[in-house]
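Written out below as C-alpha cells is the structure these notes cover.
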Amino acid sequence: MKKQSSLDPNPEDVLAEESQAGEISFSEPIQDDAVFGEIREGDTNYRNVSWIGTVALMLKVQIGLGVLTIPSCFDILGIVPGIIVLIAIAVTTTWSNWMVGVFKMRHRDVFGIGDVGRMLLGRVGYELFGGAYMLYYIFTGGSALLSISIAFNALSDHGACTAIFVAVAAIIAFTFSSIQTLGRISWLAWVGVSCVIIAGEFFIVTIAVGIQGHAPMTGGVIPEPDYKLFGNPTFVEAMTAVSTITLAYAGTPAFFNIVSEMRDPRLYTRSLTICQTIVATIYIVIGTVVYYYCGSHVASPALGSAGLLIKKVAYGFALPGLCVSAVLFLHLPSKHIFMRILRGSRHLTAPTLTHWIAWIGSTGSITAIAYIVASSIPVFSDLVALVGALLATSLCFQPMGFMWLYDNWGSGKQEKSLKWCLCVAWCVFIILTGFFLTIGGTYASVVTIIESYQKTGGSSAWSCANNDN
C-alpha cells in the first residue's frame, strides 16, 4: 500500500495531546481549507463546530430510540454476555472513531468516507464507499421518520394514518436538515441529546422501571422478573442481538464529516473520549436496570416497559430528540451529494444561486427518497436491520483497519518492530471482526425478514388505525 505524504509530522501525537492554547477561535474567516477551498468574508464557513458541539453531534448520531432495544438484546444474550459484548463493541468502535481523527490529520483533504475509498481503491472505492454511506443514512433517516410517527401515534388520541405522521416528520426533517453547517445544527444536537437521553430515556424510563420494580401488569397480574445472567440463543438470535448492539455504536461513518467541520480538529480526541464514555455508561445502565426488573417481559423499544402513562410521557420528551436524529441522518447524505456536485468550485461556499439550488435540491431529494422508501416498503424495520448489518458494520470496522495499514505498512515493514507487528495484528483483527459481523448479521437479518414475510403473508405493515406502537 502506498503511503500518502503527511501534512502533519506526528498526527497521532497531535490527537493524543490537547491543544495547549485551548480551542482556536478564528477571528478571521478561513482563507483556504483543503476540503472547502477558499472562504471569503460573507461566505458559508463550514469549519465552525466547537469541540463541545462536536460532543453533541457525536452523541446524537449514535444515540437514538435504538438505545432502548439493548434490554431486549440482554434478554437474548443474558446480562453477563450482553455487557461483555457491549464493552467489546465500545472498545473496537472507539478505536475506529479515533482512527478517523488520525487519518483526517494526515490527509486534510478527506471530507467523508467516500474520499477514504478513493485513496484505498481509486474511483471504484469512492463510488462503493460513498454509495454505502448514502444508502445507510437514507434508510436510517427513513427509520427515524417512522420513529417520529410512532411517537405521534403513542401521544395521539385519534386515528390519524401513519403515513400522515411520516409526512409531517419528513417536512420537519427537511426544514431543519437544510441548515447548511453542522456548526449551526450543533445546538439542535444538544436539544436532541437532552430530550432523548436525560429526559426521555435515562431518567423517566429507567427510574420509573426501577421504582415500579416489575414489568407492566398484564390482565391484572404482575409478571415475575425472569432475568437471565446467561442466555442460550441460537446463532441467528445471537447475531441479531450483536448486530443491534453494533448499530447502537454505528456513528463512525459520520465522524469524518464532523471532524472536517471542526474549528480545531486537534480537539477531536477530547470530544470522542467524552462521547464514548457517556454512550457506554448510558447503554450499560439502561440495559442492565430495565432488563433486571422486566426480564423477558421487556418491550422493544423499552419505552413501554414502565406502563402506558410513562410510555406517553417518555415519548413526549423523546419526540424532539427523534426529530433531531432525522435531521442529522438526512443532512449527512445531503452534504455528500452537495460536496460531490460543487467541491472545487466557488459555488461551494459562496451564497450564489447555484449554491442554493444544489443545496436545497440535495436535501429535498434525500428527504423525498427517505420518505418514499419508509412509506412504501413492508417490513421496513427488518429491511433497516438488514441495511445496518450489511453496511453499518462494514463502514465502522474494515475501512479503519485498512486506513492504518495504508499509512503505516510501507514505513514499518522494513523495521518490523514489536509495536508495528502488534498494530498490524490489531488491524487484521478489526478487519476480520468487521467481516464476521457483516456476514453473520446480514444472514440473521435475511432469516428474520423471511420469517416475518411468512408470518404476515407479504402484507403491508401500514395501518391507518390508531396504532399505539
Side-chain angles (χ1 to χ4, degrees), residues 24-50 53-54 56-57 60-61 104 107-118 123 126-127 129-131 133-135 137-138 141 170-189 253-265 323-324 326-372:
I24 295 176
S25 177
F26 290 105
S27 58
E28 298 180 358
I30 302 169
Q31 296 301 312
D32 192 14
D33 183 77
V35 171
F36 301 106
E38 185 180 5
I39 303 176
R40 302 174 182 175
E41 185 176 354
D43 287 356
T44 301
N45 183 9
Y46 293 95
R47 289 279 306 278
N48 198 31
V49 181
S50 66
T54 300
L57 292 168
K60 201 66 205 78
V61 297
K104 173 63 179 179
H107 312 281
R108 298 297 181 98
D109 59 338
V110 169
F111 171 72
I113 199 165
D115 294 327
V116 175
R118 189 198 303 276
R123 179 60 182 269
Y126 178 79
E127 300 296 344
F129 282 46
Y133 176 84
M134 290 277 295
L135 189 61
Y137 275 111
I138 286 174
I171 294 172
I172 295 172
F174 167 72
T175 301
F176 288 98
S177 66
S178 295
I179 298 174
Q180 290 176 283
T181 69
L182 290 177
R184 295 172 183 170
I185 291 179
S186 60
W187 70 271
L188 284 175
F255 286 13
F256 283 102
N257 303 67
I258 294 173
V259 69
S260 294
E261 296 195 31
M262 286 187 70
R263 292 177 194 162
D264 185 2
C323 291
V324 175
V327 167
L328 281 171
F329 295 151
L330 297 179
H331 176 93
L332 293 169
S334 300
K335 185 69 71 67
H336 177 83
I337 295 178
F338 177 71
M339 291 292 296
R340 178 166 183 160
I341 295 173
L342 295 182
R343 187 169 182 176
S345 74
R346 178 77 185 97
H347 301 289
L348 179 62
T349 56
T352 63
L353 181 61
T354 301
H355 171 97
W356 284 107
I357 291 175
W359 176 238
I360 299 301
S362 298
T363 56
S365 299
I366 291 297
T367 303
I369 294 172
Y371 170 75
I372 292 171

Original post:
Nearest 0.5 Å, what's the CZ-CD1 distance between Phe255 and Ile113?
Top reply: 12.0 Å
Original post:
Roughly how far, to the nearest 0.5 Å, is OG of Ser334 from CE of Met134?
Top reply: 7.5 Å
Original post:
Heavy-atom distance under 4.5 Å between the side chains of Trp359 and His347, does that happen here?
Top reply: no
Original post:
Is there a side-chain contact between Leu188 and Ile179 (heavy atoms, below 4.5 Å)?
Top reply: yes
Original post:
Distance-only, no hydrogens or angles: does the Asp115 side chain make a donor-acceptor pair with backbone N or O of Gly112 under 3.5 Å?
Top reply: yes
**OP:** Kindly determine whether Tyr137 and His336 satisfy ring pair (Phe, Tyr, Trp, His ring centres under 6.0 Å), including the steps that lead there.
**Re:** CA-CA 11 Å; Tyr137 275 111; His336 177 83; over 10 Å; no
**OP:** Mind checking the NE2-CZ spacing from His355 to Arg346? Nearest 0.5 Å is all I need.
**Re:** 10.5 Å
Original post:
Is it true that Asp109 and Lys104 make a salt bridge, defined as a side-chain N closer than 4.0 Å to a carboxylate O?
Top reply: no
Subject >> Side-chain heavy atoms of Phe176 within contact of Cys323, under 4.5 Å >> reply: no
**OP:** Consider only side-chain N and O atoms of Thr363 and Ser178, and report whether a donor and an acceptor are under 3.5 Å apart.
**Re:** yes
Original post:
Are Gln180 and His331 close enough that a side-chain donor and a side-chain acceptor fall under 3.5 Å?
Top reply: no
**OP:** Spell out, as yes or no, whether a donor-acceptor pair under 3.5 Å connects the side chain of Ser345 to the backbone of Leu342.
**Re:** yes
**OP:** Look only at the side chain of Lys335 and the backbone of Met339, and say whether a donor-acceptor pair between them is shorter than 3.5 Å.
**Re:** no
Original post:
Does Arg47 reach the main-chain N or O of Met262 with its side chain, forming a donor-acceptor pair under 3.5 Å?
Top reply: yes
Original post:
Do Tyr46 and Asn257 have side-chain N/O donor and acceptor atoms under 3.5 Å apart?
Top reply: no
Subject >> Arg108 side-chain N/O to Ala34 backbone N/O, donor-acceptor pair under 3.5 Å >> reply: no
Original post:
Does the Glu261 side chain pair with the main chain of Leu182, one donor and one acceptor, at a distance under 3.5 Å?
Top reply: yes
